[in-house]
Amino acid sequence: KNEVEQSPQNLTAQEGEFITINCSYSVGISALHWLQQHPGGGIVSLFMLSSGKKKHGRLIATINIQEKHSSLHITASHPRDSAVYICAASNEKLTFGTGTRLTIIP
Amino acid sequence: DGGITQSPKYLFRKEGQNVTLSCEQNLNHDAMYWYRQDPGQGLRLIYYSQIVNDFQKGDIAEGYSVSREKKESFPLTVTSAQKNPTAFYLCASSTRGFGYGYTFGSGTRLTVV
């Protein structure tokens, strides 16, 4: 069993829909990261959080430390949000999930 | 603008040849990392360096080598000993240690034929 599990693996939605991607981890962490990987391969760091909730534009990340679970939400989804979203748990190193491939259809 | 530059973006090599992937950062970050990404798997750590002239093996270091002679540069050599070198390689840097202020490069896709 991976230390960081993401669900779903693939997600296709219509433009405008509210999107939720989930991440569960089994290790103790100092922080949880959400990353975005575009088709070209480059990765952008979206959020780093250790408690509560963070918001940036249409993106919201939440974490529940007791349940070892984090979610990434996208409101009013747009085709440009299509990418692979990766969560990563950091303690003495970063452990990555396998990613969720999101496709937003116009 | 500050960032990480990886070159080249695509690289083809014949089996049995060593190849070096470049990673340069102008962020003044102390720590640098190399990760390998394969389809259906999370990124896996190959090597990392937290200060100049020092580096540590990650989870899958066999068949790879690195150097850290300058703070801004952390090249990765994929040697002929690496059994399955075809993969996507990502370099990253951070302000201090794992989990702090990570910045990723755009990656190099290596294909060995």
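By convention in this document, chain letters (A, B, ...) are assigned in the order of the sequence lines, proteins followed by strands, and residues within each chain are numbered from 1. For the numbers below, each heavy atom of this structure counts, side chains included, while hydrogens, waters and symmetry mates do not.
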Could you give the side-chain donor-acceptor pairs of residues 71-79 of chain A under 3.5 Å, partners two or more places apart or in another chain?
{"from": "A:S71", "atom 1": "OG", "to": "A:N22", "atom 2": "OD1", "distance (Å)": "2.9"}
{"from": "A:H73", "atom 1": "ND1", "to": "A:T20", "atom 2": "OG1", "distance (Å)": "2.9"}
{"from": "A:T75", "atom 1": "OG1", "to": "A:R58", "atom 2": "O", "distance (Å)": "3.4"}
{"from": "A:S77", "atom 1": "OG", "to": "A:Q14", "atom 2": "O", "distance (Å)": "3.4"}
{"from": "A:S77", "atom 1": "OG", "to": "A:G16", "atom 2": "N", "distance (Å)": "3.3"}
{"from": "A:S77", "atom 1": "OG", "to": "A:E17", "atom 2": "N", "distance (Å)": "3.2"}
{"from": "A:S77", "atom 1": "OG", "to": "A:E17", "atom 2": "O", "distance (Å)": "2.8"}
{"from": "A:H78", "atom 1": "ND1", "to": "A:R80", "atom 2": "N", "distance (Å)": "3.1"}
{"from": "A:H78", "atom 1": "ND1", "to": "A:R80", "atom 2": "NH1", "distance (Å)": "3.4"}
{"from": "A:H78", "atom 1": "NE2", "to": "A:R80", "atom 2": "NH1", "distance (Å)": "3.4"}

Practice prompt. For A:Y85, enumerate each residue passing the ring-ring contact (aromatic ring centres under 6.0 Å, His included) test, keeping only those at least two apart in sequence or located in another chain.
Written response: none
Item to complete: Could you note down all residue pairs passing salt bridge (charged side-chain N to carboxylate O under 4.0 Å, His left out) where residues 42-53 of chain B supplies at least one of them, sequence neighbours left out?
Response: B:D38-B:R44
Worksheet item: If two hydrophobic side chains count as joined below 4.5 Å and joins carry through other members, does B:I60 share a cluster with B:Y47?
Response: yes
Discussion item. Is any side-chain heavy atom of A:L94 closer than 4.5 Å to one of B:L43?
Written reply: no
Worksheet entry | Region of B:Q37 that comes under 4.5 Å of a non-hydrogen atom in chain A | side chain
Fill in: Common cluster, B:I51/B:L76, ILVMFWY with side-chain heavy-atom separation under 4.5 Å
no
Worksheet item: Of all the residues in residues 95-106 of chain A, which have a heavy atom that comes within less than 4.5 Å of a heavy atom in chain B?
Response: A:F96, A:G97, A:T98
Item to complete: Output the distance between atom CE (A:M48) and atom OG (B:S94), rounded to the nearest 0.5 Å.
Response: 10.0 Å
Fill in: Residue pair A:L35 / B:F104, side-chain heavy-atom distance below 4.5 Å
yes
Worksheet entry | In one Ile/Leu/Val/Met/Phe/Trp/Tyr side-chain cluster, 4.5 Å: B:V112, B:Y89 | yes
Discussion item. Count I, L, V, M, F, W, Y as connected when their side-chain heavy atoms are under 4.5 Å apart, and connections chain through other members. Are B:W34 and B:F55 then in the same cluster?
Written reply: yes
Discussion item. Taking CD in A:E15 as the centre, count heavy atoms belonging to other residues, nucleotides or ligands within less than 6.0 Å. Is the count above 12?
Written reply: yes
Practice prompt. Against chain B, label A:Q6 side chain, backbone, both or neither, depending on which of its atoms sit under 4.5 Å from a heavy atom there.
Written response: neither
Worksheet, complete the sentence: Here the pair of heavy atoms bringing A:S45 nearest to B:Y102 is CB-O, 4.0 Å
Worksheet item: More than 12 non-hydrogen atoms from neighbouring residues, nucleotides or ligands closer than 6.0 Å to NZ on B:K9, yes or no?
Response: yes
Worksheet item: Non-hydrogen atoms of chain B under 4.5 Å away: do they reach the side chain of A:I43, the backbone, both or neither?
Response: both
